[in-house]
Undergrad: 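Pasting a structure here, questions to come.
One-based numbering, in listed order, for ligands and for the atoms of each. Only this structure's heavy atoms are used, side chains among them; waters, hydrogens and symmetry mates stay out.
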Amino acid sequence: MQKSFLSIANLSKDELLELLEVASTQRLRVVSKMLRDQHLALYFEKPSLRTKASFETGIGELGGSFSYFSAVDTGKLGERESVEDLAKTMSEYFSAIIVRVYSHTALEKFTAAASVPVVNALSDREHPCQVLADLLTIRDKLGKLEGFKLAFLGDGNNVALSLALAAEILGFEFILAGPKDYYLKYGQIKQTEDIDAALQNADVVYTDTWTSMGDEEEEMRRKKLFLPFQLNTETLRKAKEGAIVMHCLPAHREKEITNKVIDSKQSVVFQQAANRLPAQKALLIKLFSKATV
Ligand code: CP
Ligand code: NVA
């Protein structure tokens, strides 16, 4: 496994499958000393509940410790000191750095300068930790990680890209339905404005906020353009019967998803949230396995 984890594409298919195997043994309250004597940093430029909580709980359950920094402590990347100086300094204190940032390019600079592993806890480009938990949830629910169709409704954002890359690695079908202006700008991903076509035969229907952190200035424009791609009872009916409904949360109820759908039996959004913990414990075990085993 590579030293750092910035993209889901940093994992080969075998590494990803192995990580998910380890994850299924690491549910809540499974404790060990795999990270004994390791002190990690969480450096978050943006707000977080699930990612912060699951990393902090996970590090504790693995016998490690952590320090948390928000932009209030250290400034945004490159604001108080250069990205490289921050990365080099933090590397002197911590055995890994978990980072949530606005700019993926800044994250790459940070990682290049750091001498310890860096984990992408969300950037404007990807949210790979989320997708580890999503894959675990899909496997829990569908019993497989290939041979199914995932339709993503809405914005071609960080979560959508990590899912699309996971689909390439594992061989499931990914399609995004949304307004053309907000398609993913990456490779040969299937994308359409025809929501019916995207939903046809879908086993998994996924949506996320129309306005990600950092895109707030465009909120009004987005609201109008994305409304036809709302996940509601009528749109869900176009997917395969019993399709599972996914959302990384936080959800904007009655915007990208209706209450009826997110609270329905088909919704697995809280299983996704719960799976953040075992997925990230498995990631940390894998990142540290050379040093600790
Ligand atoms: N899904 C997710 O990453 O949630 P937070 O922003 O609360 O961490
Ligand atoms: N796409 C969202 C995900 C939040 C977990 C964002 O970047 O704000």
Undergrad: Among protein heavy atoms, which lies nearest atom 4 (O) of ligand 1, and at what distance?
TA: Arg50 NE, 2.9 Å
Undergrad: Any nitrogen or oxygen of Lys46 lying under 3.5 Å from a nitrogen or oxygen in ligand 2? Just yes or no.
TA: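 Between Lys46 and ligand 2 (N or O atoms, distance only) the closest approach is not under 3.5 Å.
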Undergrad: Hey, which atoms in ligand 1 end up nearer than 4.0 Å to a heavy atom of Arg276?
TA: 1 (N), 2 (C), 3 (O)
Undergrad: Please report which non-hydrogen protein atom sits nearest to atom 8 (O) of ligand 2, along with the residue it belongs to and the distance in Å to one decimal place.
TA: Met213 N, 2.8 Å
Undergrad: Within the side chain of Gln266, is there an N or O that forms a donor-acceptor pair under 3.5 Å with the backbone of Ala243?
TA: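 Flag set: sc Gln266 to bb Ala243 pair under 3.5 Å.
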Undergrad: ring-ring contact (aromatic ring centres under 6.0 Å, His included), that's the test. Do Phe69 and Tyr43 meet it? Break it down for me.
TA: CA-CA 5 Å; Phe69 302 90; Tyr43 169 58; 7.2 Å; no
Undergrad: When you measure from the heavy atoms of His127 to every atom of ligand 1, does any distance fall below 4.0 Å?
TA: yes
Undergrad: Identify, by atom number and element, the atoms of ligand 1 in contact range of Thr51, meaning under 4.0 Å from any of its heavy atoms.
TA: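 Close to Thr51: 2 (C), 3 (O), 5 (P), 8 (O).
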Undergrad: Say whether, by atom type as modelled, one donor and one acceptor occur between the side chain of Glu219 and the main chain of Thr211 under 3.5 angstrom.
TA: no
Undergrad: I want to know if ligand 1 touches Lys52 in the polar sense, i.e. an N/O pair below 3.5 angstrom.
TA: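 No; every N/O pair is 3.5 Å or more apart.
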Undergrad: Do side-chain atoms of Glu254 reach the backbone of Asn259 as a donor and acceptor pair under 3.5 angstrom?
TA: yes
Undergrad: Under 3.5 Å, is there a donor-acceptor pair between the side chain of Gln26 and the main chain of Val22?
TA: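 The answer is no, because no donor-acceptor pair under 3.5 Å joins these two groups.
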Undergrad: Heavy-atom distance to atom 3 (C) of ligand 2: which of Thr209, Leu49, Asp155, Asp208 wins?
TA: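 Nearest heavy atom to atom 3 (C) of ligand 2 lies in Asp208.
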Undergrad: Has the side chain of Arg100 got a donor or acceptor atom that lies under 3.5 Å from a matching backbone atom of Lys46?
TA: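 No.
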Undergrad: For Leu249, which part has a heavy atom under 4.0 Å from ligand 1: side chain, backbone, both, or neither?
TA: backbone
Undergrad: Can you list the atoms of ligand 2 that are under 4.0 Å from a heavy atom of Asn157?
TA: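 In order of numbering, the contacting atoms are 1 (N).
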Undergrad: Taking N or O atoms only and a 3.5 Å limit, does Ser212 qualify as a polar contact for ligand 2?
TA: yes
Undergrad: Nearest protein heavy atom to atom 7 (O) of ligand 1, by residue and atom, and its distance?
TA: Leu49 N, 2.7 Å
Undergrad: Is the cationic atom of Lys52 (NZ for Lys, CZ for Arg) positioned less than 6.0 Å from the six-membered ring centroid of Phe44 and within 45 degrees of its normal?
TA: no
Undergrad: Ignoring angles and geometry beyond distance, decide whether Met213 reaches within less than 3.5 Å of ligand 1 through its nitrogen or oxygen atoms.
TA: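 So ligand 1 has no N or O lying under 3.5 Å from an N or O of Met213.
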Undergrad: Is a side-chain N or O of Glu84 found less than 3.5 angstrom from the main chain of Lys109, in a donor-acceptor match?
TA: no
Undergrad: Which protein non-hydrogen atom lies closest to atom 4 (C) of ligand 2, naming both residue and atom, and how far is it?
TA: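 For atom 4 (C) of ligand 2, the nearest protein heavy atom comes out as Leu122 CD1, 3.9 Å.
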Undergrad: Just by distance, do the side chain of Glu56 and the backbone of Phe66 share a donor-acceptor pair under 3.5 Å?
TA: no
Undergrad: Looking at ligand 1, does any of its N/O atoms fall within less than 3.5 Å of an N/O of Cys248?
TA: yes
Undergrad: Measure the distance from atom 7 (O) of ligand 2 to every protein heavy atom, then report the residue, atom name and distance (to 0.1 Å) of the closest one.
TA: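 Heavy-atom neighbour on the protein nearest atom 7 (O) of ligand 2: Asn158 ND2, 2.8 Å.
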Undergrad: Is it true that Glu146 and Lys13 have a side-chain N and a carboxylate O under 4.0 angstrom from each other?
TA: yes
Undergrad: Thinking salt bridges, do Glu21 and Arg139 make one under a 4.0 Å N-O criterion?
TA: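 Yes, charged N to carboxylate O under 4.0 Å.
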Undergrad: Looking only at protein heavy atoms, identify the closest one to atom 6 (O) of ligand 1 and say how far it is in Å.
TA: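 I find the closest protein heavy atom is Arg100 NH1, 2.8 Å.
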Undergrad: Does this structure show an ion pair linking Arg221 with Asp181, if we count only N-O contacts that are shorter than 4.0 Å?
TA: yes
Undergrad: Could you list which atoms of ligand 2 come closer than 4.0 Å to a heavy atom of Leu249?
TA: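 In order of numbering, the contacting atoms are 5 (C).
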Undergrad: Say whether Lys46 and ligand 1 are in contact under the criterion: heavy-atom distance to a ligand atom below 4.0 Å.
TA: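 Contact absent.
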